[in-house]
Colleague: 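Starting off with a structure, shown below.
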Amino acid sequence: MDMADVALRLDRQLCFSVYAATRALEAAYRPLLAPFGLTYPQYLVLLVLLEADGAPVREIGARLHLDSGTLSPLLKRLEAAGFVARRRRATDERVVEIHLTAAGKRLERRLGRVPRALAACTGLSLREIDRLRTELTTLTETLRTQPESETTP
């Protein structure tokens with residue numbers, strides 16, 4: 001088997017390892033978030049709002065790397081569940097801000113248990129999790145800032 005054949009093996013692909021890990025993480029979150037009636041993407045939106053309540057939709061999308069076509073349905077479902085409310089900014093009605101409702105704010109304490117429970121599912125130490133998160137963040141930032149010509153074969 002030559003090097004080209006080895007390079008094209010599925011189990012040698014970084015993209016597949018990240019993809020498979022992402023699917024496994026989402027599956028691990030499912031039972032942790034089910035008691036709250038939340039999906040994993042909805043959980044991520046709530047995390048952004050717990051840090052920055054009243055964030056504009058555009059900012060939430062930027063933080064989560066989601067376009068408005070993906071984010072809008074998530075926000076609608078969170079609003080229907082009573083966790084968030086949309087409000088137009090008084091000084092610029094073109095800007096829609098997302099605010100946690102009282103019910104959304106009450107989730108914070110209960111959701112605080114989720115990261116610990118997920119960490120336990122991984123079998124990794126907190127130090128290993130932190131190192132992995134740092135490496136993945138660096139990878140993401142590097143790939144997002146690469147000029148397109150450098151990523152084309």
Side-chain angles (χ1 to χ4, degrees), residues 8-119 121-122 124 129-153:
L8 291 175
R9 289 182 54 106
L10 181 63
D11 63 351
R12 301 284 300 165
Q13 303 302 307
L14 174 63
C15 60
F16 183 70
S17 293
V18 171
Y19 171 77
T22 298
R23 291 184 50 92
L25 273 171
E26 288 184 20
Y29 270 105
R30 203 168 293 122
L32 300 175
L33 298 175
F36 307 103
L38 295 173
T39 63
Y40 175 70
Q42 292 169 337
Y43 171 69
L44 296 179
V45 169
L46 288 174
L47 291 180
V48 170
L49 293 172
L50 288 169
E51 289 180 31
D53 192 14
V57 171
R58 182 181 301 257
E59 182 181 316
I60 296 168
R63 290 280 314 273
L64 297 176
H65 308 287
L66 294 175
D67 60 47
S68 62
T70 303
L71 185 57
S72 290
L74 290 173
L75 295 172
K76 285 180 183 176
R77 286 193 294 277
L78 286 170
E79 188 172 35
F83 296 132
V84 302
R86 301 175 206 231
R87 294 189 204 128
R88 297 215 173 261
R89 184 176 281 170
T91 58
D92 185 351
E93 290 198 6
R94 295 171 297 178
V95 177
V96 176
E97 297 172 333
I98 307 300
H99 295 267
L100 290 168
T101 62
K105 289 176 184 175
R106 282 193 300 270
L107 283 177
E108 184 172 14
R109 188 174 48 83
R110 293 176 55 213
L111 286 175
R113 299 180 203 129
V114 171
R116 260 181 262 115
L118 190 276
C121 293
T122 68
L124 299 172
I129 289 171
D130 197 44
R131 184 174 39 243
L132 178 59
R133 184 179 43 246
T134 299
E135 289 174 5
L136 289 170
T137 299
T138 300
L139 174 64
T140 301
E141 290 170 1
T142 300
L143 291 172
R144 287 188 176 276
T145 59
Q146 289 295 312
E148 195 170 313
S149 61
E150 289 184 29
T151 58
T152 304

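Computed over heavy atoms, backbone and side chain alike; hydrogens, waters and symmetry mates excluded.
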Colleague: Give me the atom names and distance for the closest heavy-atom approach of Ala117 to Leu32.
Modeller: CB-CD2, 3.7 Å

Colleague: As a test of understanding, state which of Arg106, Glu108, Lys105 forms a side chain to side chain contact (heavy atoms under 4.5 Å, CB included) with Leu100.
Modeller: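 Of all the options given, the one that passes is Lys105.
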
Colleague: Rounded to the nearest 0.5 Å, how far apart are CD of Glu141 and CG of Leu143?
Modeller: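 Nearest 0.5 Å value for the CD-CG distance: 10.5 Å.
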
Colleague: Begin from the C-alpha positions of Phe83 and Leu49 and carry the test side chain to side chain contact (heavy atoms under 4.5 Å, CB included) through to its verdict.
Modeller: CA-CA 10 Å; Phe83 296 132; Leu49 293 172; over 6 Å; no

Colleague: Considering only residues two or more places apart or on different chains, which pairs with a residue in residues 19-44 satisfy salt bridge (Lys or Arg N to Asp or Glu O under 4.0 Å)?
Modeller: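 Of all non-adjacent pairs touching residues 19-44, none passes salt bridge (Lys or Arg N to Asp or Glu O under 4.0 Å).
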
Colleague: Could you grab the distance from atom CG of Leu66 to atom CD1 of Ile60, nearest 0.5 Å is fine?
Modeller: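 Result: 10.0 Å between the selected atoms.
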
Colleague: If you look at every heavy atom in Gly112 and Pro115, which pair is closest and at what distance?
Modeller: O-CD, 3.4 Å

Colleague: Does Arg144 have any side chain to side chain donor-acceptor pair (under 3.5 Å) partners at least two apart in sequence or in another chain, and if so, which?
Modeller: His65

Colleague: Please identify each residue that fulfils side chain to side chain contact (heavy atoms under 4.5 Å, CB included) with Pro73, with sequence neighbours left out.
Modeller: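 Residues passing side chain to side chain contact (heavy atoms under 4.5 Å, CB included) with Pro73: Arg77.
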
Colleague: From Thr134 OG1 over to Arg131 CZ, what is the distance, rounded to the nearest 0.5 angstrom?
Modeller: 9.5 Å

Colleague: Check side chain to side chain donor-acceptor pair (under 3.5 Å) between Glu97 and all other residues, then give those that pass, not counting sequence neighbours.
Modeller: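 Applying side chain to side chain donor-acceptor pair (under 3.5 Å) to Glu97 gives Arg89, His99.
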
Colleague: If I compare all heavy atoms of Pro31 with all of Ala27, which pair ends up nearest, and what's the gap?
Modeller: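 Taking every non-hydrogen atom into account, CD-O, 3.2 Å.
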
Colleague: For Thr122, check side chain to side chain donor-acceptor pair (under 3.5 Å) against everything at least two apart and list the hits.
Modeller: none

Colleague: Once rounded to the nearest 0.5 Å, what's the spacing between atom OG1 of Thr70 and atom CG of Leu75?
Modeller: 11.0 Å

Colleague: Is the side chain of Gln42 donor-acceptor paired with the backbone N or O of Thr39 at a distance under 3.5 Å, no angle test?
Modeller: yes

Colleague: Under the rule for salt bridge (charged side-chain N to carboxylate O under 4.0 Å, His left out), what residues qualify as partners of Glu51, not counting sequence neighbours?
Modeller: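 Per chain and number, Glu51 pairs via salt bridge (charged side-chain N to carboxylate O under 4.0 Å, His left out) with Arg63.
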
Colleague: If the condition is side chain to side chain contact (heavy atoms under 4.5 Å, CB included), which residues does Val96 pass it with, not counting sequence neighbours?
Modeller: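 Applying side chain to side chain contact (heavy atoms under 4.5 Å, CB included) to Val96 gives Val57, Arg86, Arg88, Ile98.
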
Colleague: Holding to side chain to side chain contact (heavy atoms under 4.5 Å, CB included), I want the full list of residues that pass it with Ser17, two or more places apart in sequence or in another chain.
Modeller: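 Listed in chain order: nothing, the list is empty.
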
Colleague: Excluding sequence neighbours, so at least two apart, what forms side chain to side chain contact (heavy atoms under 4.5 Å, CB included) with Ala85?
Modeller: Thr101

Colleague: Checking side chain to side chain contact (heavy atoms under 4.5 Å, CB included) for the pair Val48/Leu44: CA distance, chi angles, key distance, verdict?
Modeller: CA-CA 6 Å; Val48 170; Leu44 296 179; 5.9 Å; no

Colleague: Using the ring pair (Phe, Tyr, Trp, His ring centres under 6.0 Å) criterion, which residues pair with Tyr29? Sequence neighbours excluded.
Modeller: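 Result, ring pair (Phe, Tyr, Trp, His ring centres under 6.0 Å) vs Tyr29: Tyr40, Tyr43.
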
Colleague: Roughly how far, to the nearest 0.5 Å, is the CG atom of Leu50 from the CG atom of Leu111?
Modeller: 7.0 Å

Colleague: Tell me, please, which residues at least two apart from Arg133 pass side chain to side chain donor-acceptor pair (under 3.5 Å).
Modeller: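 Testing Arg133 for side chain to side chain donor-acceptor pair (under 3.5 Å), a comparison that skips the adjacent residues, returns Asp130.
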
Colleague: Using the test salt bridge (charged side-chain N to carboxylate O under 4.0 Å, His left out), find all partners of Arg94 that sit at least two apart in sequence or belong to another chain.
Modeller: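 Here the qualifying residues are Asp92.
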
Colleague: Can you name the nearest heavy-atom pair linking Val95 to Pro56, along with the distance?
Modeller: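 So the two residues come closest at CG1-CB, 3.8 Å.
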
Colleague: On a heavy-atom basis, which atom in Ala119 and which in Ile129 lie closest, and how many Å separate them?
Modeller: CB-CD1, 3.7 Å

Colleague: Roughly how far, to the nearest 0.5 Å, is CG of Leu107 from CG of Leu47?
Modeller: 10.5 Å

